[in-house]
Amino acid sequence: MLGVGGLARSGFLELRLLELRLLQRPARGVCSAVIHRKSAACVTWCAAAGPASARLTPVRMASGGGGGDVAREAAGVVPGASGWYGSLADSAPVHLLEHLLVSVQQGSGLPWWLSIVAVTFSVRTFITLPLAAYQLVIISKVEALQVEISELAKRLRYEVSVRARESGWTEKQSRFQFQKNLRRLVSQLYVRENCHPFKASLLVWVQVPLWVSLSLALRNLSLHESAVQGDLAAGGALWFPDLSSPDSTWILPLGVGLINLLLVEVFSLQRQNPTRFQKLLLNFIRGFSVLMVPIAATVPSSLSLYWFISSLIGFSHNLLLRSPAIHKLLKRPLPGSETPYRDLLSALVNKYRK
């Protein structure tokens, strides 16, 4: 899963809060994600007779009257679904990921559930982990500038107050001049150190579309019009033997919620004196983590398995990036302790022992 925990631990959010606090500007943000149960995508996988590793070719049924509708009905597609969700589910990135999933499964010969785990691990390790490490470097550079920014703000406030008395500025004009010049000075520092906060947002701009596209790809493959739906129905394991239907035991949905709640709590321990906005943000993400449980219980098990594994890998990456060895490798200041994992466990125990 993209993981609400992934959003919680995102350095981009923290950087934006830090920058907005410095510049004394209001901040507003909206984050929403909707997963529908019905997909408008119409993809049929046609395979020539032969071994299981035969190459598959996606065939998209044309919509419209006459032969198009007949072809769609023959493929088992329910007509009528349209709109932005249908366009998104039938987009090129989604179909590309469908190809990837099917190719990995047939090329490796692994069962479908293990193929989903393998693809998720590969994507999170080779794409999002390097971006998370880069984000960590950008954050450390921005944090290192805070002392210099504080000194600049003090001198600038004094200079603006002197100029305000000479020019007869009102308090509103003085505040405007201070904020405008402080933004300019801070931007110059970011350019000097090559650490503009926008660079820390690369993880979000890659991770969110990737999570949505891979979720839709699994959703498309799990539908009845997909030629691999039968394989997915028999490609599960343990308590979820059918990956094309929801997990009736709720084990995977509960796992999705619990692992993301754990991520949020670990993230919250990093804030010594959280602001009111940070507290509201954490509570919102906690609520969304709980909301993901019933959502995961209504989608095919292939999706809830992907969300659970993605969140679990994201949590392990979060712990990995706390390692002093990783900080040395990234040339980043070491964490406050040589035993970050022991300190984290102690902080969690102390927080809930009270």
Give the C-alpha distance, both sets of side-chain angles, the deciding distance and a yes or no for side-chain contact (heavy atoms from CB on, under 4.5 Å) between V204 and Q207.
-> CA-CA 5 Å; V204 175; Q207 190 173 1; 6.0 Å; no
Going through the distances and angles, do L189 and I149 end up as a side-chain contact (heavy atoms from CB on, under 4.5 Å)?
-> CA-CA 8 Å; L189 290 177; I149 290 175; 3.6 Å; yes
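The minimum heavy-atom distance between R184 and N181, with the atom names listed, is NH2-OD1, 3.0 Å. The two residues S215 and Y306 have their closest heavy-atom pair at OG-CE2, 3.5 Å. For the pair R124 and G314, the tightest heavy-atom approach, listed with the atom from each and the gap, is NH2-CA, 3.3 Å. Looking at every heavy atom in both residues, L136 comes nearest to L321 through CD2-O, 3.8 Å. Residues L261 and S289 come closest through the heavy atom pair CD2-CB, 3.7 Å. What you find for L243 and L305 is that their closest heavy atoms are CD2-CD2, 4.3 Å.
Here L129 contributes atom CG and I313 contributes atom CD1; the two are 10.5 Å apart, rounded to the nearest 0.5 Å. Considering OG of S161 and CD of E166, their distance stands at 9.5 Å, rounded to 0.5 Å. Atom SG of residue C195 and atom CD1 of residue I139 lie 11.0 Å apart, to the nearest 0.5 angstrom. For the atom pair CH2 of W307 and CG of L218, the computed distance is 10.0 Å after rounding to the nearest 0.5 Å. To the nearest 0.5 Å, atom CD1 of residue I259 and atom OG of residue S316 are 8.5 Å apart. The CE atom of M292 sits 8.0 Å away from the OG atom of S311 when rounded to the nearest 0.5 Å.
Atom CZ of F121 is surrounded by 12 or fewer heavy atoms from other residues, nucleotides or ligands within 6.0 Å.
Checking side-chain atoms of S167 against main-chain N and O of A164 turns up no donor-acceptor pair under 3.5 Å. Side chain of E151 to backbone of V147: no donor-acceptor contact under 3.5 angstrom is found. Of the possible donor and acceptor atoms, one in the side chain of S201 sits under 3.5 Å from a partner among the backbone N and O of F198. Judged purely by atom type and a 3.5 angstrom limit, N260 uses its side chain to pair as donor or acceptor with the backbone of V256. Proximity of a side-chain donor or acceptor of S140 to a complementary backbone N or O of V137 within less than 3.5 Å is detected. In this structure, S87 contributes its side chain and G83 its backbone to a donor-acceptor pair below 3.5 Å. The main-chain N or O of L110 is found under 3.5 Å from a side-chain atom of Q105 such that the two form a donor-acceptor pair. No donor-acceptor pair closer than 3.5 Å links the side chain of S150 to the backbone N or O of Q146. S301 places a side-chain N or O within 3.5 Å of a backbone atom of D247 that can act as its donor or acceptor partner. Looking only at distances, a side-chain donor or acceptor of N220 sits under 3.5 Å from a matching main-chain atom of A89.
Cluster annotation: V104 and L114 are assigned to the same hydrophobic cluster (Ile/Leu/Val/Met/Phe/Trp/Tyr, side-chain heavy-atom contacts under 4.5 Å, transitive). Under a hydrophobic-cluster definition in which Ile, Leu, Val, Met, Phe, Trp and Tyr are linked whenever side-chain heavy atoms come within less than 4.5 Å, directly or via other members, I127 and L214 are assigned to the same cluster. In this structure, F288 is a member of the same hydrophobic cluster as V212, with clusters built from ILVMFWY side-chain heavy atoms closer than 4.5 Å. If you chain together hydrophobic residues whose side chains sit under 4.5 Å apart, L303 and L88 fall into the same group. With hydrophobic clusters built from ILVMFWY side chains whose heavy atoms lie under 4.5 angstrom apart, Y158 does not share a cluster with F176.
L221 has its side chain within reach of W112: a pair of non-hydrogen atoms, C-beta onward, lies under 4.5 Å apart. A 4.5 Å side-chain heavy-atom check between V119 and V123 finds at least one atom pair inside the cut-off. When side chains are defined from C-beta on, L252 counts as touching W239, because their heavy atoms get closer than 4.5 Å. Considering only heavy atoms from C-beta on, L320 comes within 4.5 Å of I326 through its side chain. A heavy-atom distance below 4.5 Å is found between the side chains of I116 and S302. A 4.5 Å side-chain heavy-atom check between V186 and L145 finds every atom pair outside the cut-off. Q135 has its side chain out of reach of L202: every pair of non-hydrogen atoms, C-beta onward, lies at least 4.5 Å apart. Counting heavy atoms from C-beta on, the side chains of T120 and V117 never come closer than 4.5 Å.
Aromatic ring orientation, Y190 versus H196: perpendicular (interplanar angle above 60°, classes split at 30° and 60°).
Between R192 and E148, at least one side-chain nitrogen of the basic residue sits less than 4.0 Å from a carboxylate oxygen of the acidic one, meeting the salt-bridge criterion.
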